[in-house]
Chemist: 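Input: one structure, supplied below.
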Number of protein chains: 2
Amino acid sequence: MGTELTSDLPSERARHVLRILVEHYIREGQPVGSRTLSLTAGLDLSPATIRNVMADLEDLGFIAAPHTSAGRIPTAKGYRFFVDTLVRLQPMAEPDVIRLQGQLEDRFRGDAKAIASAASSALSALTSLAGVVTIPRQQKATLRHIEFLPLSGRRVLAILVVNDAEVQNRILDMDRDYTEEELRRAANYLNEQFTGRDLSEVRTRLRANLDGTREYMNRLMLDSIAGHAPKAGTESAGYVLSGETKLMNFQELSDVEKIRQLFEAFGEQREILTLLDRSVAAQGVQIFIGEESGYRILDDCTIVTAPYTVGDQIVGVLGVIGPTRMAYERVIPIVQVTARLLGAALNSDLNVGPDFGLRPDLNSGS
Amino acid sequence: MGTELTSDLPSERARHVLRILVEHYIREGQPVGSRTLSLTAGLDLSPATIRNVMADLEDLGFIAAPHTSAGRIPTAKGYRFFVDTLVRLQPMAEPDVIRLQGQLEDRFRGDAKAIASAASSALSALTSLAGVVTIPRQQKATLRHIEFLPLSGRRVLAILVVNDAEVQNRILDMDRDYTEEELRRAANYLNEQFTGRDLSEVRTRLRANLDGTREYMNRLMLDSIAGHAPKAGTESAGYVLSGETKLMNFQELSDVEKIRQLFEAFGEQREILTLLDRSVAAQGVQIFIGEESGYRILDDCTIVTAPYTVGDQIVGVLGVIGPTRMAYERVIPIVQVTARLLGAALNSDLNVGPDFGLRPDLNSGS
DNA sequence: CGCTAGCAATCGCCCATGTAGAGTGTCAAG
DNA sequence: CTTGACACTCTACATGGGCGATTGCTAGCG
């Protein structure tokens, strides 16, 4: 027994072998034997010695043999060690970065779902995996314009234009009917006082102004502004998934039953969303390998995620879903960069948006 | 050789055999042999005789043997003859109809995409196939309110409220910048003249009024109204697909590669949409069996569609997608009834919608 | 003490072979 | 026209042997 066995960590040489093995397996998809490693490891060791090292690695739980006399393949723990300490990340090619940047910034101004969709497609195209992007929470939503229309049955239709050109609308159930004149006055008041302000600011100011004389109006106005976030996209909170079909190309997922369960999970959204939510806590790229996710359905899958931010607020999560055997050294930087660029695109969208640059008069409260 | 061979149509007896064969195959999914038919056909014929009949049916192209010495299975032509002349439709169970009606009428007022989505899910649940519903064209779109907001770069944000409380918005690229005052005047003009009118009417009237003096305004106004239909839902014109994953349960589609192509086609939307469009022409239920669709990808699939109407205008198409071997006698009535009920739900939505019942003043043109 | 060469053993994969079962086509007799 | 009988065909399934890849072990080497 080698000295490695006394420790939980493999020796330097074993780490090298493990790296070569994982890299090779990721490339070829076939179990890797001692002969192959002896030839490609660059260590100039005979297969027999390699075998000893592999036996150690197997004892430590990093690799496993699908059956006697096939080579070894990495376990989830093996992949974990690989991505944590062995992988040599391959930065994205500069042209790809520039193209990606263009796709994200290009005229998606204001439409949260569209830009999420673009990011998702881009992720899928770059990685040949499934891309997933949560629809960004609109942390900063600056009021541009508001309008009320009376409906029947004491309901009022509120139309908000926020940020550049994002139109939101919701129906408010009120205590009594309002005349058109009343609604016009309320809208005028809001437009005059609060155009260019952040919605949360509008909310607090409205609460402060609640002086009793016009309480019912305040109720109307508060409701119209309140809780705008959850209805940001069309389908309420959710994510955009792209390139799911690419997953069917992988042999390890070529079982129809597995694919079916996976796609059903995609449709349900719940499980995937809670999984994505977990990565909000983390700072950078987070990786769930196989069984680590805790969901049986994803046992053969890895999810690589990263939160994306506007300012220093996390507004969403993006990532890719693929088989555990994926090209981590390429995928991780792609997710990383996409998160940064998406954040940047959203940010420029909010702050140097065309409107507020050119029309300061709108922000001055007229 | 029997006398049938001189005709393109099978004899009475052959038709009976064909019916039993198709019914049996749909139920069991296994090729049907002469012995089985002899036992279940109720004709009291020996297997040998049945074999003669089957030979005739095979010559006519209604059935085929996957290989020597397996039973026969229906060809596309066989299914076609079956659904055209042999099938005994099984009306939907009354409770199911009532439940379906409830699902469709229930509080989806105004939201075209939501009601299409509900219909699609219902179709999928009732048939255990994939349900598909095009988002209804809003044939009658009455202008409720319009508003313009200036953006940067000669762009203008137009916000329309149509029908009850449906908010549409689009960005118009104009030739020059407009002042807020100009935009306000344009909006006022439209609101005063056309509130309560149908959008198509507004369009024609605007064209007629194009008198040169205010041409640029007309351009703006026309653009804001024009082509509102394609942007009805969120994702522009399209359809809602439900229960795709159910298709993976069928053995005839259990090949991963086939499934992949099918799902990619679903994602593309184009091919499916053109196929659905074809059934707009037809009056009632239309069926595309296997290769009849003209799309290789759908060779093993049947699509059962029906247009649905508001008033007497066809506003959309719905249907189901499944393997050619599906329970036609149940599926056809389900599609039929769903189309009728969806039309009815949309109709009640438009005509006795809460707004127009209670606020006739809005419709009178002020 | 670690590395290596050699060797027997193990196991999955592939292919050929054999067999059972299901169904067909045909033909002569009823 | 129908039927029973028979030979024929083809698939599905199980069986078994050979092949190749790879391992674990052990003895020997530096």
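Convention: sequence-line order gives letters A, B, ...; per-chain numbering from 1. Quantities reported herein were computed from a predicted structural model and do not represent experimental measurements.
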Chemist: Would you say the side chain of Ser120(B) lies within less than 4.5 Å of the side chain of Leu318(B), judging by non-hydrogen atoms?
Modeler: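 No; the side chains remain at least 4.5 Å from each other.
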Chemist: Hey, does Ser121(A) have a side-chain heavy atom less than 4.5 Å from the side chain of Ser242(A)?
Modeler: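 Yes, at least one pair of side-chain atoms sits under 4.5 Å.
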Chemist: According to the interplanar angle, ranging from 0 to 90°, do the rings of Phe62(B) and Phe81(B) count as parallel (below 30°), tilted (30 to 60°) or perpendicular (above 60°)?
Modeler: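 Ring orientation of Phe62(B) relative to Phe81(B): tilted.
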Chemist: Check whether more than 12 heavy atoms from other residues, nucleotides or ligands sit under 6.0 Å from atom CG of Asp44(B), and answer yes or no.
Modeler: no
Chemist: What is the ring orientation for Phe82(B) with Tyr328(B), classed by angle as parallel under 30°, tilted 30 to 60°, or perpendicular over 60°?
Modeler: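 Perpendicular.
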Chemist: Could you state the CG-C1' distance from Leu37(B) to dA22(C), rounded to the nearest angstrom?
Modeler: 14 Å
Chemist: Tell me: CE of Met54(B) to P of dA22(C), nearest whole Å?
Modeler: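 Spelled out: CE on Met54(B) to P on dA22(C) is 16 Å.
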Chemist: Tell me: CZ of Arg13(A) to P of dC1(C), nearest whole Å?
Modeler: 16 Å
Chemist: Does Thr68(B) have a side-chain nitrogen or oxygen under 4.0 Å from the phosphate oxygens OP1 or OP2 of dT9(D)?
Modeler: no
Chemist: Side chain of Ser69(A): nearest nucleotide among dG23(C), dG20(D), dT3(D)?
Modeler: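 Of dG23(C), dG20(D), dT3(D), dG20(D) is nearest to the side chain of Ser69(A).
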Chemist: Is the shortest heavy-atom distance from the side chain of Phe263(A) to the side chain of Phe263(B) under 4.5 Å?
Modeler: yes
Chemist: Over how many whole Å does the gap from Asp56(B) atom CG to dT24(C) atom C1' extend?
Modeler: 14 Å
Chemist: Side chains of Ser254(A) and Ile259(A), heavy atoms from C-beta outward: is any pair under 4.5 Å?
Modeler: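 No. Closest side-chain heavy atoms not under 4.5 Å.
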Chemist: Return the value, rounded to whole Å, for the distance between atom CD1 of Ile73(A) and atom C1' of dT22(D).
Modeler: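 Answer to the nearest Å: 15 Å.
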Chemist: Take atom CZ of Arg72(A) and atom P of dT10(C), then tell me their distance rounded to the nearest Å.
Modeler: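 Distance check: Arg72(A) CZ to dT10(C) P gives 17 Å.
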Chemist: Figure out the CG/C1' separation between Leu39(A) and dT4(C), and round it to whole Å.
Modeler: 15 Å
Chemist: What I'd like to find out is whether the side chain of Ile287(A) reaches to under 4.5 Å of the side chain of Tyr79(A), using heavy atoms alone.
Modeler: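 No, side chains not in contact.
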Chemist: Mind checking whether Cys301(B) and Leu262(B) have side chains closer than 4.5 Å, heavy atoms only?
Modeler: yes
Chemist: What integer distance in Å separates His67(A):NE2 from dT10(C):P?
Modeler: 16 Å
Chemist: Considering only nitrogen or oxygen atoms on both sides, find all protein atoms under 3.5 Å from nucleotides 25-30 of chain D and state each distance.
Modeler:
none

Chemist: Among the nucleotides dT10(C), dG25(C), dT2(D), which one has an atom lying closest to any side-chain atom of Glu58(B)?
Modeler: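 From the listed options, dG25(C) comes nearest.
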Chemist: Going by number, which of residues 21-36 of chain B have a non-hydrogen atom under 4.0 Å from DNA chain D?
Modeler: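 The answer is none.
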